There are 2 protein chains.
Amino acid sequence: MNAQVGNWDDLRLFLAVARSGTLSGAARALGVNHSTVFRRIGAFEDGLGVRLFERLPNGYLLTPAGEEMQAGALRVEDEIAGLSRMVTGQDLRLSGTVRVTTIDMLAFGLLPRHLASFRKAYPGIEIELVVGNATLSLSRREADVALRVGNEPPESLVGRRAGRLVFAVYGSADYYDSHIGPDLAQHDWIGFDAEHAALVRRFTSFLPGVTPALRANSVAAALAAAKAGLGLAPLPCGIADLEPDLARVAPLPDDFTLDLWLLTHEDLRRTARIRALLDFLADALLKEAPLLEGRLGGDGAEIISAP
Amino acid sequence: MNAQVGNWDDLRLFLAVARSGTLSGAARALGVNHSTVFRRIGAFEDGLGVRLFERLPNGYLLTPAGEEMQAGALRVEDEIAGLSRMVTGQDLRLSGTVRVTTIDMLAFGLLPRHLASFRKAYPGIEIELVVGNATLSLSRREADVALRVGNEPPESLVGRRAGRLVFAVYGSADYYDSHIGPDLAQHDWIGFDAEHAALVRRFTSFLPGVTPALRANSVAAALAAAKAGLGLAPLPCGIADLEPDLARVAPLPDDFTLDLWLLTHEDLRRTARIRALLDFLADALLKEAPLLEGRLGGDGAEIISAP
DNA sequence: AGCTGCCCTTGCATAATTGCACAGGATAAC
DNA sequence: GTTATCCTGTGCAATTATGCAAGGGCAGCT
């Protein structure tokens, strides 16, 4: 008879197109050629005898039938992701790959030396680092471990608060030499965009009425802008203190901090290699608390003291 | 990272092996070569890094991990079957294939001429007839329509009672000419096996203490045995009256009947081609009620009258 | 208006998957 | 004990799926 999902894997490609809205976007997400996605979707629709997407010049749009298909396909995906987690969760080998996701400032400024140490300690475990400021899904196994900043973790994940990032004001020597005095409000500022709501709020509390001249969408970008002499920036001490081109200009209020979270999915917490990485990083980050909390580059050394 | 279900279609093959217990059985069920199943299962396990089956000389046995995988894969299968039904349920074309399942006595003795008429009426619809006495799953789309006998349909199906098969005692002319008298209890009998519980009960009520010399596992087999002169058999009039080699020997009690059911899955009842077939068969079977209820070959014409 | 970058679609070559044929082992039936 | 039938497993050829390269369309930018 007709209209059977003959190849269940077609649903995986269908979902990717549904999510991205384009064949090309789906192909990138899936790691295949866009012509492959084109043919697979076409064959899938032919086999079902139904149109799942409307073809537009700039992409593919779900039809009503496609929307119903998507709802079911998402349930299939959840189920299969659960199976993958179940299998991985029982894996007691200290080998294989762990995919870690984090934001760029941690990826460049904090993690590499710890991951290098981890690799020395566990040569059988490979690390795949996925850097990006989009929050990847651990439920869908887009990553196994996440190192995130924020003030509470998502509900479905398990993990621990692994440290606290204390922020201070930094600027480059070049910037400071050519700009006026100790009144912070009179300086140029590098701030953050609306996606960093916690940082925006704290900055506005700290310097009401000051509008940053540049708003970055990531802390790493802000740090780079500060190094380039574009202004002063509130930056985490654990990262900025390691930059020879930056100087700590002033402290920030005690609440100008972000918590650091080490997270995984509940089903994966007993996977040996994931357990090993989480334990290792937790210990390493604990030992780095003085740096993270700004107590090394420290108190009393700022160009401008706390008022 | 490891242990992801990379190709969701692997689950479909996995389930087939889990069900049948052998590569060869799964291959037959799936319509592929057994070597394909062998390689797909091997690759699936390698990709997951876990053994799902224990290899035995006579087949494949699920490991504990395999059993957990099976539980989830069954949920995936249900979901995908629901998607297939959803798509098919919306199909308004009077074309395509309808898979019909029924038991052998109906397949050989009743359906063919009606299916021939249906095909003439709807040349765009193809019929696939699956004959067997195993009850196929309409939920899993093993068939679209079932013509079954029994006294109530399974809960999850929808359908209608399409007629009633009245039974009578039949024997071949050869048998009767060479066997003694009007006492039915003194004859050789062809009965049914334990899977035909309703018929066994009725027969025992009818002739207590008579043990059939031959027990058939299908009514078609019983009919063939009766034609071969092996004894008397309780057979449905709608089928046996059409056999020139069989004569109705005696009536049976009024409750020696089976209901005829036309069934489909709830989600498929609005599929145009399935709707068309159900309506057509219901009408055809209604018109055949005189034959099915034994009123054509009938009353008063038996060699031995009802006591 | 022209250019750039994104998109979809298609023909051909390559890679991967599948089927075929065969071999060997185990079990059941005779 | 022998034979038949089932099973799994493997090498090679055939088939199918995929990637590559190219072309065309469209929207946005200069």
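Worth saying up front: this structure is predicted, and the values here are computed from it rather than measured. So you know, we letter chains A, B, ... as the sequences are listed, proteins then strands, and number each from 1.
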**Request:** Mind listing the residues from residues 21-41 of chain A sitting with a heavy atom below 4.0 Å of DNA chain C? Number order is fine.
**Result:** A:Thr22, A:Leu23, A:Ser24, A:Arg28, A:His34, A:Ser35, A:Phe38, A:Arg39

**Message:** Evaluate A:Leu52 against A:Ile41 for side chain to side chain contact (heavy atoms under 4.5 Å, CB included), listing each step before the verdict.
**Reply:** CA-CA 9 Å; A:Leu52 300 172; A:Ile41 294 299; over 6 Å; no

**Message:** Once you measure the plane-to-plane angle for A:Phe53 and A:Phe14, does it fall in the parallel (<30°), tilted (30-60°) or perpendicular (>60°) bin?
**Reply:** tilted

**Prompt:** Once you round it to whole Å, what is the distance between C1' of D:dT18 and CG of B:Asn7?
**Reply:** 14 Å

**Asked** Going by an N to O cut-off under 4.0 Å, is there a salt bridge joining A:Glu45 and A:Arg55?
**Response** yes

**Message:** Assess the residue pair B:Ile239 and B:Leu106 against the criterion (side chain to side chain contact (heavy atoms under 4.5 Å, CB included)); give the C-alpha distance rounded to whole Å, side-chain angles, the decisive distance to 0.1 Å, and a yes or no.
**Reply:** CA-CA 8 Å; B:Ile239 295 170; B:Leu106 299 175; 4.1 Å; yes

**Complete:** Separation of D:dG25 atom P from A:Leu56 atom CG, nearest Å, is 18 Å

**Fill in**
The first and last nucleotides of DNA chain C lying within contact of chain A, meaning any atom under 4.0 Å from one of its heavy atoms, run from C:dC7 to C:dC12

**Request:** Using side-chain hydrogen bond (donor to acceptor under 3.5 Å, both in side chains) as the criterion, point out the one residue from B:Asp144, B:Asp267, B:Thr264 that pairs with B:Arg85.
**Result:** B:Asp267

**Request:** Quick one: do A:Asp188 and A:Tyr175 satisfy side chain to side chain contact (heavy atoms under 4.5 Å, CB included)? Show the steps, please.
**Result:** CA-CA 9 Å; A:Asp188 293 333; A:Tyr175 171 82; 3.9 Å; yes

**Asked** What do you reckon, is CZ of B:Arg19 surrounded by more than 12 foreign heavy atoms closer than 6.0 Å?
**Response** yes

**Asked** Do A:Ser35 and A:Asn33 have a side chain donor and acceptor closer than 3.5 Å?
**Response** yes

